[in-house]
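Quick caveat, the model's predicted, so the values are computed rather than measured.
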Amino acid sequence: MVKLVFLGTGGWISPLNRNYVSIVLQPSNTNSLYILDFGEGAFKRMQKHKGIKPSNIKAVFISHIHGDHALGLPGLLINLRAYGYAGVLKIIVLEKYVKFLKSLFRETGVRDKVKYEIIGVKPFDKAFSDENIEAYTYPSKHSMESLMFKIVLKKEGRTVFYSSDTSPFKEILDYIGNSDILIYEATFLEGFEEYAHVKGHSTIMDALNIALELKIPYLIIFHESFMLNLPRKISVGNTVVLIPSDGDEITI
């Protein structure tokens, strides 16, 4: 089983009830935590969730440096020290953005607050590995160069694929492959495909089509920019579709 905690499920422009993107991943039989993106304000939302201990965070995977995906990092580094963080936090990001993060941390005064290592990677890298997970990178199709992450849960032999921000494209089917859980963005509603794709984003129907074609058991939709009373769980064929709200905890 893997636990996913959704600290933020919205995009940069999104309803009041959806904060900027951040997802906590906790594999079974471990206290270790791994973070997918860390938008502005994510640490404060983490503090509100009783099941998350910041001192257990091992790595943060940053898809790209748009503010709704990365600007929470200074707050994380500043506050980890207060939680007695004793490890070296791994921050995985595209090589070309390492300089930006170093500058961001320097200008926001977080240098030496806690030990961290910024690991610059390229698409198609094995970006991270420890006793619990292996993480692989793939290029997305967004308005700026961005990564998608495939997280292999070593003890379970299952895979979580995180799309981050992307429009659909042919190769993405190969990248996702036979993943067990697909966390896929849906910034726009069905019918706005042309506009969404130009902006480097997807729609709910894009996400569903990919999941159904690949026979993905679980599709989790996030990054909504619209306000609708959406169902939290539906089944389409053999695919279970989950649409979490901020603060939701899902164990699969």
Just so I know, are the side chains of [X] and [Y] near enough to count as touching, which here means a heavy-atom distance under 4.5 Å?
{"X": "Glu213", "Y": "Leu173", "value": "yes"}
{"X": "Val241", "Y": "Leu208", "value": "yes"}
{"X": "Ile183", "Y": "Leu36", "value": "yes"}
{"X": "Phe6", "Y": "Asp246", "value": "no"}
{"X": "Pro123", "Y": "Leu94", "value": "yes"}
{"X": "Pro139", "Y": "Leu147", "value": "no"}
{"X": "Asp165", "Y": "His223", "value": "yes"}
{"X": "Val114", "Y": "Leu89", "value": "no"}

Determine the minimum heavy-atom distance between [X] and [Y], stating which atoms define it.
{"X": "Val240", "Y": "Ser235", "answer": "CG2-OG, 4.1 Å"}
{"X": "Thr137", "Y": "Ala127", "answer": "CG2-CB, 3.7 Å"}
{"X": "Ser245", "Y": "Arg18", "answer": "CA-NH1, 4.1 Å"}
{"X": "Pro74", "Y": "Ala70", "answer": "CD-O, 4.4 Å"}
{"X": "Ile151", "Y": "Ala135", "answer": "CD1-CB, 3.7 Å"}
{"X": "Phe38", "Y": "Ser22", "answer": "CD1-OG, 3.3 Å"}

### Task
Enumerate the residue pairs fulfilling ring-ring contact (aromatic ring centres under 6.0 Å, His included) with a member in residues 46-66, sequence neighbours excluded, ordered by first and then second residue.
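Sorted pair list: Trp12-His66, Phe61-Phe128, Phe61-Phe149, His64-His66, His64-His69, His64-His142, His66-His142.
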### Pairwise ring-ring contact (aromatic ring centres under 6.0 Å, His included) hits with a residue in residues 76-102, at least two apart
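Sorted result for residues 76-102: Phe43-Tyr83.
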Does [X] have any side chain to side chain donor-acceptor pair (under 3.5 Å) partners at least two apart in sequence or in another chain, and if so, which?
{"X": "Asn209", "result": "none"}
{"X": "Arg81", "result": "none"}
{"X": "Tyr20", "result": "none"}
{"X": "Thr108", "result": "none"}

Between [X] and [Y], does any side-chain donor sit less than 3.5 Å from a side-chain acceptor?
{"X": "His197", "Y": "Asp206", "answer": "yes"}
{"X": "Lys155", "Y": "Asn132", "answer": "yes"}
{"X": "Asp37", "Y": "Ser63", "answer": "yes"}
{"X": "Glu185", "Y": "Ser163", "answer": "no"}
{"X": "Thr159", "Y": "Asp180", "answer": "no"}

Answer with yes or no whether the hydrophobic clustering places [X] together with [Y]; edges join I, L, V, M, F, W, Y residues whose side-chain heavy atoms lie under 4.5 Å apart.
{"X": "Ile221", "Y": "Ile250", "result": "no"}
{"X": "Leu76", "Y": "Leu71", "result": "yes"}
{"X": "Ile35", "Y": "Val88", "result": "no"}
{"X": "Ile91", "Y": "Val110", "result": "yes"}

### Query
Would Glu224 and Thr187 count as a side chain to side chain donor-acceptor pair (under 3.5 Å) if you check the C-alpha gap in whole Å, the side-chain angles of each, and the deciding distance to 0.1 Å?
CA-CA 5 Å; Glu224 296 94 327; Thr187 304; over 6 Å; no
Who are the salt bridge (charged side-chain N to carboxylate O under 4.0 Å, His left out) partners of [X], not counting sequence neighbours?
{"X": "Lys126", "value": "Glu134"}
{"X": "Glu190", "value": "none"}
{"X": "Lys122", "value": "none"}
{"X": "Asp130", "value": "none"}

### Message
Walk me through whether Arg232 and Asp248 qualify under side chain to side chain contact (heavy atoms under 4.5 Å, CB included).
### Response
CA-CA 10 Å; Arg232 305 291 281 275; Asp248 280 1; 2.3 Å; yes
### Task
Sort and list the pairs that fulfil salt bridge (charged side-chain N to carboxylate O under 4.0 Å, His left out) and have at least one residue in residues 136-147, not counting sequence neighbours.
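Residue pairs with at least one partner in residues 136-147: Lys96-Glu145.
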### Lys/Arg N to Asp/Glu carboxylate O, Glu131 vs Lys154, below 4.0 Å
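Judged by the 4.0 Å cut-off on N to carboxylate O distance, Glu131 and Lys154 do not form a salt bridge.
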#### Entry: Met1: hydrophobic cluster co-members (side-chain, 4.5 Å)
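The other cluster members (ILVMFWY side chains, heavy atoms under 4.5 Å, direct or chained): none.
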So for atom [atom1], which belongs to [X], do other residues, nucleotides or ligands contribute more than 12 heavy atoms lying within a distance under 6.0 Å?
{"X": "Phe124", "atom1": "CZ", "result": "yes"}
{"X": "Lys150", "atom1": "NZ", "result": "yes"}
{"X": "Asp174", "atom1": "CG", "result": "yes"}
{"X": "Glu117", "atom1": "CD", "result": "yes"}

### Query
Taking it one step at a time, do Phe161 and Tyr175 satisfy ring pair (Phe, Tyr, Trp, His ring centres under 6.0 Å)?
CA-CA 9 Å; Phe161 194 96; Tyr175 302 160; 7.5 Å; no
### CA sep, side-chain torsions, deciding dist, call: Leu189, Thr203, side chain to side chain contact (heavy atoms under 4.5 Å, CB included)
CA-CA 5 Å; Leu189 293 170; Thr203 67; over 6 Å; no
### Task
Using side chain to side chain contact (heavy atoms under 4.5 Å, CB included) as the criterion, point out the one residue from Ile133, Val152, Val160 that pairs with Pro27.
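Of the listed options, the one satisfying the test is Ile133.
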When you measure from the side chain of [X] to the backbone N and O of [Y], does any donor-acceptor pair fall under 3.5 Å?
{"X": "Arg158", "Y": "Leu153", "result": "no"}
{"X": "Glu193", "Y": "Gly191", "result": "yes"}
{"X": "Asn79", "Y": "Gly75", "result": "yes"}
{"X": "Glu194", "Y": "Val198", "result": "no"}

### Task
Take Ser32 and Asn56 through the test side chain to side chain donor-acceptor pair (under 3.5 Å) and record every step on the way to the result.
CA-CA 5 Å; Ser32 297; Asn56 289 334; over 6 Å; no
### Query
Hey, mind stepping through Val60 and Ile92 against side chain to side chain contact (heavy atoms under 4.5 Å, CB included) and telling me if it holds?
CA-CA 6 Å; Val60 183; Ile92 295 89; over 6 Å; no
### Query
Could you go step by step and tell me if Ser202 and Tyr184 meet the side chain to side chain donor-acceptor pair (under 3.5 Å) rule?
CA-CA 9 Å; Ser202 297; Tyr184 195 94; 2.9 Å; yes
